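Right, one structure below, let's go through it.
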Amino acid sequence: MHAYRTHTCGELRKEHVGRTVRLSGWVNRRRDHGGLLFIDLRDHYGITQCVVEPDGKAFAAADQARSEWVLTLTGRVVARTAGTVNEDMPTGEVEIRIEDVSVQSQAQELPLPVFGDLDYPEDTRLKYRFLDLRRERLHRNITLRSRVISTIRRRMISQGFTEFQTPILTASSPEGARDFLVPSRLHPGKFYALPQAPQQFKQLIMVAGFDRYFQIAPCFRDEDARADRSPGEFYQLDLEMSFVTQDDVFAAVEPVLHGTFGEFADGRDCGPANFPHITYQDSMLRYGNDKPDLRNPLVIADVGDVFARDDVAFKAFKDKTVRAIPAPGAGAQPRSWFDKIDGWAKSEMGAAGLGYIVLGDDGGKGPIAKFLPQPALEALVAKCGLKPGDAVFFSADAKTERAAILAGHTRTRIGRDLGLINDKEFRFCWIVDFPMYEWNEDEKRIDFSHNPFSMPQYAREKFLNLDKGDKDTILGLKAYQYDIVCNGIELSSGAIRNHDPEVMLKAFEIAGYAREETEVKFAGMLNAFRYGAPPHGGTAPGIDRIVMLIAGEENLREVTMFPMNQQAQDLMMNAPSEVSAKQLRELHIRTVAPE
RNA sequence: GGGGGCGUAGCUCAGUUGGUUAGAGUGACGGCCUGUCACGCCGUAGGUCGCGGGUUCGAGCCCCGUCGCUCCCGCCA
């Protein structure tokens with residue numbers, strides 16, 4: 001007989017009755033009846049009830065065992081009598097009569113119980129991650145993650161993509177997020193950077209003629225965390241294709257994502273196989289962000305012109321962008337509901353507040369209703385598609401973008417509050433036509449608004465002839481830049497790339513990088529483009545976010561095996577940590593305490 | 001860097017208007033129990049109420065500061 005097990009804890013059924021078997025696992029639960037001792041033994045595969053009576057020779061040893069001890073139990077499989085069968089367990093028709101107990105490992109009193117599904121504090125869960133991972137929810141999520149990655153690989157390969165690895169130690173690049181730096185021992189004062197994404201490498205792979213690349217790629221960005229943004233590191237399904245238009249990329253990615261979600265949907269509706277296209281501009285207006293949750297039926301309307309009317313005397317909204325967020329049926333909500341929404345906008349969103357109007361059968365009610373005479377109210381109702389019993393909130397700001405963003409948050413808040421969001425569906429869309437540049441008000445200059453390597457949607461000759469005086473034209477330029485969004489989560493960002501060295505130098509010049517500087521910073525890629533570069537493009541869906549959505553979780557930590565906390569610390573491994581003076585000397589590094 | 005929430009037993013939480021010795025469940029330990037599967041019953045131990053200061057006759061509760069966790073804003077090509 002094997003030293004540890006003949007079967008797993010999830011394996012035994014009626015047909016095994018009579019066999020002598022050996023199981024190993026953790027004590028999930030112990031029930032002591034004095035005259036009868038039950039031990040539920042758990043491993044990766046399941047749980048099996050084991051039982052021993054006081055006159056059995058194994059009783060004394062079994063009686064010692066406590067939660068989470070690791071035991072090897074040997075005994076005969078017996079059928080449970082009618083009435084003692086547990087129909088909730090796959091192994092519930094049988095149990096093991098314990099004849100021999102071998103203690104492999106003991107456990108101290110647990111800081112985090114494995115049994116049960118209570119919530120525990122995040123820092124405890126992170127410090128004792130190995131215990132949390134034993135619990136059903138995380139164990140299931142992490143296993144799901146593996147299956148999702150496995151199916152993605154299979155789908156990519158079957159579509160003719162080839163997986164390659166790219167360097168982890170590379171060069172820092174300007175633009176984009178803050179880099180993680182690694183000091184060089186051999187080159188004093190110089191640093192490697194961990195890749196924010198294998199962006200340049202995958203483009204070089206296209207220049208190298210490999211045609212269709214993908215990788216489950218680790219990416220590193222030193223930016224502050226969010227629930228859907230892990231601190232430090234995350235994984236992308238990085239992919240790139242040669243000789244493709246934007247539509248070719250869409251056609252390649254849609255079946256992979258839609259198919260993967262469908263495979264694990266478990267009854268949830270994944271929407272159409274071809275994702276609808278929404279322009280960036282439309283998305284900002286109608287949904288108040290560039291990652292709309294299309295499960296939410298609310299649509300924002302621009303109503304600045306209503307408040308600009310001569311017969312409307314509400315000064316606070318004059319000369320401002322005003323966006324209206326409908327709240328269908330909210331007329332039935334108590335006054336406190338409206339106050340709560342308004343208070344939320346003030347405290348959490350830093351807004352001046354949200355005006356609102358409730359539509360009765362005989363006109364509008366609410367703090368600002370009196371400023372709208374009947375014709376203005378009718379115009380508002382028509383624009384927002386309101387009916388009696390509905391309410392409408394207003395987000396107003398002198399800055400259009402601020403008004404739009406507040407409206408977006410409000411749309412989300414109201415959609416959730418009113419229970420309008422169906423959590424049994426996935427709604428995908430492409431956000432297209434992102435602006436190439438944006439105005440940086442703080443530093444009074446033009447910045448790339450997204451990926452600096454994207455191809456502008458503008459004729460080559462005209463683009464090369466742009467100069468500083470064409471600011472309006474430049475800020476109006478769109479790029480072949482697109483995102484995939486699912487249920488309000490940005491899953492993917494991609495572009496048709498700029499493979500023309502002259503256009504690329506010009507693109508950087510517009511964003512304030514001298515030609516010489518661009519030549520140095522992107523020497524490898526620019527140089528490559530001068531030796532025959534195919535038109536190419538791609539995208540990079542976030543693996544962690546895909547798994548999070550499929551698992552129905554709201555936080556990436558629930559689908560990450562060993563996550564860091566919001567302050568980018570690993571509480572289990574104690575990272576980051578101090579290093580020895582010798583290590584620092586070797587790296588030519590001296591630390592300076594913050595002020 | 002800024003804002004919101006939380007912090008009481010190993011763990012999950014309650015704790016009224018500021019008022020006697022800070023409670024419950026769970027876990028741990030001991031005892032009883034032959035069919036449980038969140039077993040049940042009895043008992044014992046377990047507390048710097050995150051930390052520091054203040055107000056008060058009196059602070060878990062009020063005020064100020066600080067630390068930790070978390071969510072959000074900034075940031076994230």
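Because the structure is a prediction, the values reported are computed rather than measured. Proteins get letters first, then strands, A, B, ... in listed order; numbering begins at 1 in each.
Of the charged side-chain nitrogens involved, at least one lies within less than 4.0 Å of a carboxylate oxygen, so that A/Asp447 and A/Arg445 count as a salt-bridged pair. Ion pairing of A/Arg97 with A/Glu99 is absent here, as no side-chain N (NZ or NE/NH1/NH2) approaches a carboxylate O to less than 4.0 Å. For the pair A/Arg545 and A/Glu553, the salt-bridge criterion is not met [side-chain N within less than 4.0 Å of a carboxylate O]. Between A/Lys291 and A/Glu490 no salt bridge is recorded (no basic side-chain N to carboxylate O distance below 4.0 Å). Using a cutoff of 4.0 Å between basic side-chain nitrogens and carboxylate oxygens, A/Asp293 and A/Arg295 are scored as salt-bridged. Classification of A/Arg221 and A/Glu233 as a salt-bridged pair fails, no side-chain N sitting under 4.0 Å from a carboxylate O. Ion pair A/Glu558/A/Arg137 flagged as a salt bridge, since at least one NZ, NE, NH1 or NH2 atom sits closer than 4.0 Å to an Asp/Glu carboxylate oxygen.
Distances from the side chain of A/Asn86 to the nucleotides B/rC37, B/rC29, B/rC75 place B/rC37 closest. Across B/rG10, B/rG68, B/rC37, the shortest atom-to-atom separation from the side chain of A/Met89 is found for B/rC37. When distances are taken from the side chain of A/Arg80 to each of B/rG1, B/rC37, B/rG10, the shortest belongs to B/rC37. Of the candidate nucleotides B/rC37, B/rC69, B/rC76, B/rC37 has the atom lying nearest to any side-chain atom of A/Asp40. Distances from the side chain of A/Arg66 to the nucleotides B/rC76, B/rU36, B/rA28 place B/rA28 closest. Here the side chain of A/Glu53 is nearest to one of B/rU34, B/rG74, B/rU36, namely B/rU34.
Contact check, A/Arg30 against B/rC39: no side-chain N or O comes under 4.0 Å of OP1 or OP2. Between A/His409 and B/rC73 there is a side-chain polar atom (N or O) within less than 4.0 angstrom of OP1 or OP2. Phosphate contact (OP1/OP2 of B/rC75, side-chain N/O of A/Arg226, threshold under 4.0 Å): absent. Between A/Arg31 and the phosphate of B/rC39, there is a side-chain N or O to OP1/OP2 separation shorter than 4.0 Å.
Side-chain atoms of A/Ser492 and A/Thr539 form a donor-acceptor pair, as typed in the model, at a separation below 3.5 Å.
Summarising the geometry, atom CD belonging to A/Gln281 is positioned 9.0 Å from atom CG belonging to A/Asp433; distances are rounded to the nearest 0.5 Å.
Put simply, CD on A/Gln108 is 14 Å from P on B/rC11, counting in whole angstrom units. To the nearest angstrom, C1' of B/rC76 lies 13 Å from CG of A/Asp483. Here the C1' atom of nucleotide B/rC73 and the NZ atom of A/Lys399 are 14 Å apart, to the nearest Å. Across the protein-nucleic acid pair, A/Leu110 atom CG and B/rC11 atom C1' stand 10 Å apart, rounded to whole Å. Distance CG (A/Leu406) to P (B/rC72): 17 Å, rounded to an integer number of Å. B/rG27 atom C1' lies 14 Å from atom CG of A/Asn28, rounded to whole Å. Rounded to an integer number of Å, the gap from A/Phe59 CZ to B/rU34 P is 11 Å. A straight line from CZ of A/Arg42 to C1' of B/rA38 spans 15 Å, rounded to a whole angstrom.
The residue A/Pro452 sits close to a base: some heavy atom pair falls under 4.0 Å. Looking at heavy-atom distances under 4.0 Å, A/Arg29 makes contact with sugar-phosphate atoms alone, never a base. Looking at heavy-atom distances under 4.0 Å, A/Glu109 makes contact with a base. Nucleic acid contact class of A/Tyr120 (heavy atoms, under 4.0 Å, all strands): sugar-phosphate only. Residue contacts for A/Leu112: at a heavy-atom cut-off of 4.0 Å it reaches no nucleic acid atom on any strand shown.
Rounded to a whole angstrom, the distance from the C1' atom of B/rA14 to that of B/rG30 is 28 Å. B/rC72 and B/rC76 have their C1' atoms separated by 14 Å, with the value rounded to a whole Å. B/rG31 and B/rU17 are spaced 45 Å apart, taking the P atom of each and rounding to whole Å. Nucleotides B/rG3 and B/rG65, compared at atom P, are 11 Å apart to the nearest Å. For B/rC62 and B/rA38, the C1' atoms lie 41 Å apart once the distance is rounded to whole Å. Of the P atoms belonging to B/rG27 and B/rG60, the separation is 30 Å, rounded to the nearest Å. Going from the C1' atom of B/rG58 to that of B/rA28 covers 36 Å, rounded to whole Å. Between the C1' atoms of B/rG47 and B/rG15, the separation comes to 14 Å (whole Å).
Remark: ring of A/His33 overlaps the six-membered base ring of B/rC39 in a stacked fashion, centroids less than 5.5 Å apart, planes less than 30° apart.
With hydrogens and angles ignored, the 3.5 Å screen pairs a side-chain donor or acceptor of A/His16 with a backbone N or O of A/Arg13.
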Return one dot-bracket line describing RNA chain B 5' to 3' (Watson-Crick or G-U wobble pairs, both distances under 3.5 Å; ( ) same strand, [ ] crossing, | another strand, . none).
(((((((..((((.....[...)))).(((((.......))))).....(((((..]....))))))))))))....
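Contacts of residues 554-572 of chain A with RNA chain B (heavy atom under 4.0 Å): A/Asn555, A/Arg557, A/Asn565, A/Gln566, A/Gln567, A/Gln569.
Residues A/Thr81 and A/Pro121 both approach RNA chain B. Their nearest nucleotides, taken by heavy-atom distance, put A/Pro121 toward the 5′ side.
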Verdict with reasoning, A/Tyr437 to A/Phe448, per ring pair (Phe, Tyr, Trp, His ring centres under 6.0 Å):
CA-CA 4 Å; A/Tyr437 298 102; A/Phe448 285 110; 5.4 Å; yes
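Taking 3.5 Å as the limit, the base of B/rC33 and the side chain of A/Asp32 contain a donor-acceptor pair of atoms between them. Between the side chain of A/Arg97 and the base of B/rG35, at least one donor-acceptor pair of N or O atoms lies under 3.5 Å.
Aromatic rings from A/Phe522 and A/Phe508 are positioned such that their centres are separated by under 6.0 Å.
By the 30° and 60° cut-offs, the orientation of the rings of A/Tyr482 relative to A/Phe250 is perpendicular.
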